[in-house]
Amino acid sequence: MTRTNAYTLLCVAIRAVVVWFFASLLLTLPGILLGVRNGGYDGGIVWLVMGAVLLPAVILGLAWLFADKLARLALARPQEPVFDSGIEANAWLGLAFSIIGAYFLFQVLRDAVPLLVQWIMLSRATAGSLWLEGDSQPFLINAASMVIEAVLAGVFLLQGPGLARLVHRWRYGRNPDEQRQAPE
């Protein structure tokens, strides 16, 4: 059994929320980029738009790096309560990544039917093909966001435990399995 406390689980929860918000921020990029490209804005507005995207990304990065400090601030006594768990913190993070992937998958499934209807309405039927006509820019933004969301869903859902091991390797310089086997 692994000894787990509220501090460890809150760190995992903070990092999972950061990943979810960052992935959601990625979904806004197609609309922002297409708007900047087609808007004919001057340089000042473009930098303002880039700042509106980069500032949340920097804040999310800081929340990721200092998740332990945020957890200590949130808990009066970070080491209490302690309980025995068959699941290690690394596995909790992998589970959280998989849950985020399932959320994005359900979002893709929910958005696919209206997007398909929109595509059919924007296109004209010809001999064996469908072509987009008219104002298809909102459709393209939605389609690009849905493709990004589907990729994120696949990565998080199918590779959640692998991503958790990768995060552990980046943070501590070795895999969790190597850490358990290291002599004490």
Side-chain angles (χ1 to χ4, degrees), residues 6 8-39 41 46 48-67 70-71 74 87-125 129-171:
T8 304
L9 293 179
L10 189 57
C11 286
V12 167
I14 289 170
R15 287 195 172 106
V17 168
V18 165
V19 167
W20 179 74
F21 273 118
F22 189 76
S24 297
L25 183 65
L26 284 177
L27 297 177
T28 64
L29 286 182
I32 291 171
L33 293 176
L34 203 55
V36 167
R37 187 188 73 161
N38 295 340
Y41 301 113
V46 171
L48 183 65
V49 169
M50 286 185 62
V53 172
L54 292 177
L55 181 64
V58 168
I59 291 171
L60 290 171
L62 290 173
W64 175 275
L65 290 175
F66 299 109
L70 292 171
I87 302 175
E88 296 182 16
N90 194 31
W92 283 108
L93 187 60
L95 180 64
F97 286 160
S98 296
I99 290 170
I100 292 170
Y103 170 79
F104 282 127
L105 177 67
F106 291 132
Q107 290 289 101
V108 166
L109 294 175
R110 183 198 70 183
D111 295 341
V113 171
L115 194 65
L116 181 63
V117 169
Q118 187 179 10
W119 178 50
I120 291 171
M121 291 175 68
L122 285 173
S123 62
R124 61 180 170 89
S129 66
L130 293 173
W131 289 87
L132 291 177
E133 287 184 345
D135 187 23
S136 60
Q137 189 170 5
F139 171 77
L140 294 175
I141 291 170
N142 290 340
S145 292
M146 194 169 88
V147 167
I148 292 171
E149 199 168 25
V151 168
L152 289 173
V155 168
F156 287 131
L157 189 60
L158 299 175
Q159 296 298 320
L163 290 172
R165 283 191 301 275
L166 182 65
V167 167
H168 192 276
R169 186 178 318 133
W170 283 343
R171 185 166 176 95

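Treat the numbers as computed from the prediction; the structure is a model and nothing was measured.
Partners of Ala63 by side-chain contact (heavy atoms from CB on, under 4.5 Å), not counting sequence neighbours, listed by chain and number: Val18, Leu70. For Val19, the side-chain contact (heavy atoms from CB on, under 4.5 Å) partners are Trp64, Phe97, Ile100, Phe156, not counting sequence neighbours. Taking Ile99 as the reference, Leu95 meet the side-chain contact (heavy atoms from CB on, under 4.5 Å) condition, with sequence neighbours excluded. Every side-chain contact (heavy atoms from CB on, under 4.5 Å) that Leu157 has, sequence neighbours left out, goes to Ala102, Leu105.
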Side-chain donor-acceptor pairs of residues 23-33 under 3.5 Å, sequence neighbours excluded:
unit_1	atom_1	unit_2	atom_2	d
Ser24	OG	Trp20	O	3.0
Thr28	OG1	Leu25	O	2.6

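In this structure, the separation between CD on Glu149 and OH on Tyr103 is 7.5 Å, given to the nearest 0.5 Å. To the nearest 0.5 Å, the span separating CZ on Arg15 from CG on Leu65 amounts to 8.0 Å.
Heavy-atom contacts from other residues, nucleotides or ligands closer than 6.0 Å to CD of Gln159 number 12 or fewer.
Counting all heavy atoms, side chain and backbone alike, Cys11 lies closest to Ala71 at SG-CB, 3.7 Å.
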